[in-house]
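Below is one structure, written out as structure tokens, with a few remarks after it.
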There are 2 protein chains.
Amino acid sequence: MFSKACKYAINAMIYIASLPKGNQRAGLKDIATAINSPEAFTAKILQSLVKDDLLNSVKGPHGGFAICGNPSEIYLAQLVESIDGNILLTGCALGLKKCSEDHPCPVHYKFKAIREHLAGMLLTTSLSDVADRVNTGISFLKH
Amino acid sequence: MFSKACKYAINAMIYIASLPKGNQRAGLKDIATAINSPEAFTAKILQSLVKDDLLNSVKGPHGGFAICGNPSEIYLAQLVESIDGNILLTGCALGLKKCSEDHPCPVHYKFKAIREHLAGMLLTTSLSDVADRVNTGISFLKH
DNA sequence: TTAATAAAAGATAATTAAGTCTTAAATAAA
DNA sequence: TTTATTTAAGACTTAATTATCTTTTATTAA
Ligand code: SF4
Ligand code: SF4
């Protein structure tokens, strides 16, 4: 569904978003440990999220990464878009080049519903929606 | 969503399934041309489908590949399973190792619905369902 | 101002996926 | 039985993704 890089990105963002108030900046090591990801690769992904203004970073002692803006206004779709590009639009069953609504491939009408389902979910699920579930103990992030 | 190999497999199977009665065996070249795929790579994929009893093959002049069994009893899920493995079960949003229904990650409840939607569709859409749409001109396979 | 800390940047390496090429085996028709 | 045809099998190449390593830059605190 998503690349590993994208999964790490989602994991990392959820972890940072679920940090307690007053301590909302996390270092690379903490993040990689928390989400069980390779540290150096995670660094690359976080850098990329910083470039896309989804995270901000501070160097030096007590530095680290923090969510850029309000987690309730950051949607999963933005993370996926940032790392994997718009697979919501491009990811399809047959991958024909010259297809369209009025010249669809035979599985288009079947897959369209699923893609819209997925897109709708990603576009409406915010980081705070998910982070809250971790903080209230409904869901878990640890491996 | 799916690997390229899997997309080629689905394309190829639909093409073969939509051949007119009496001429239901297609050669590699025809198939690769019809679905616009690299010939040698397609050969590998077809070989793999033959091993999984989704196609049967005949060597020599007038040989080629034909659907093994009744297209109305072959479901897209079988093709996907054959090439990509059970991503229906494994493909998930965060990819945690130690998660379960009663220890779910924060996006599980969101993704579960989509995965079930996709699985349901693949499990209930047969090759003849799709091939018929090509033959009746409702849908198109050409690039 | 120096030392320690932590991210940024870029090079490099490993792994997997995608694709090609060559030779062998099977089949059909001449 | 010979030749042409076509798939099978396996080695090989290329490209993309995943992952690591090294050096540089920014920041903090002693
Ligand atoms: S018609 Fe739809 S499902 Fe088919 S190839 Fe085009 S976008 Fe993909
Ligand atoms: S809880 Fe569900 S969505 Fe989350 S990692 Fe496990 S299977 Fe995937």
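In terms of phosphate contacts, Y8(A) brings no side-chain nitrogen or oxygen within less than 4.0 Å of OP1 or OP2 of dT18(D). Between S57(A) and the phosphate of dA8(C), there is a side-chain N or O to OP1/OP2 separation shorter than 4.0 Å.
Of the candidate nucleotides dT27(D), dG19(C), dA19(D), dG19(C) has the atom nearest to the side chain of F41(B). When the nucleotides dA18(C), dA19(D), dA9(C) are ranked by their closest atom to the side chain of K4(A), dA19(D) comes out on top. The listed nucleotides are dA19(D), dA4(D), dC21(C); the one nearest the side chain of P61(B) is dA4(D). Relative to the side chain of Q47(B), the nucleotides dT18(D), dG19(C), dA8(D) differ in distance, and dA8(D) lies closest.
Classified by interplanar angle (parallel below 30°, tilted 30° to 60°, perpendicular above 60°), the ring pair H103(B)/F140(A) is parallel.
The nearest whole Å value for the distance from the NZ atom in K59(B) to the C1' atom in dT7(D) is 6 Å. In this structure, R25(A) places its CZ atom 10 Å from P of dA7(C), rounding to the nearest Å. Distance I83(A) CD1 to dA16(D) C1': 16 Å, rounded to the nearest Å.
Using a distance-only test at 3.5 Å, with no hydrogens or angles considered, a donor-acceptor pair links the side chain of D84(B) to the main chain of S3(B).
A heavy-atom distance below 4.5 Å is found between the side chains of R115(A) and H108(A).
Comparing K44(B) and G64(B) by the nucleotide of DNA chain D that holds the closest heavy atom to each, the one mapping nearer the 5' end is G64(B).
Atom CG in L122(B) sits 10.0 Å away from atom NE2 in H117(B) (nearest 0.5 Å).
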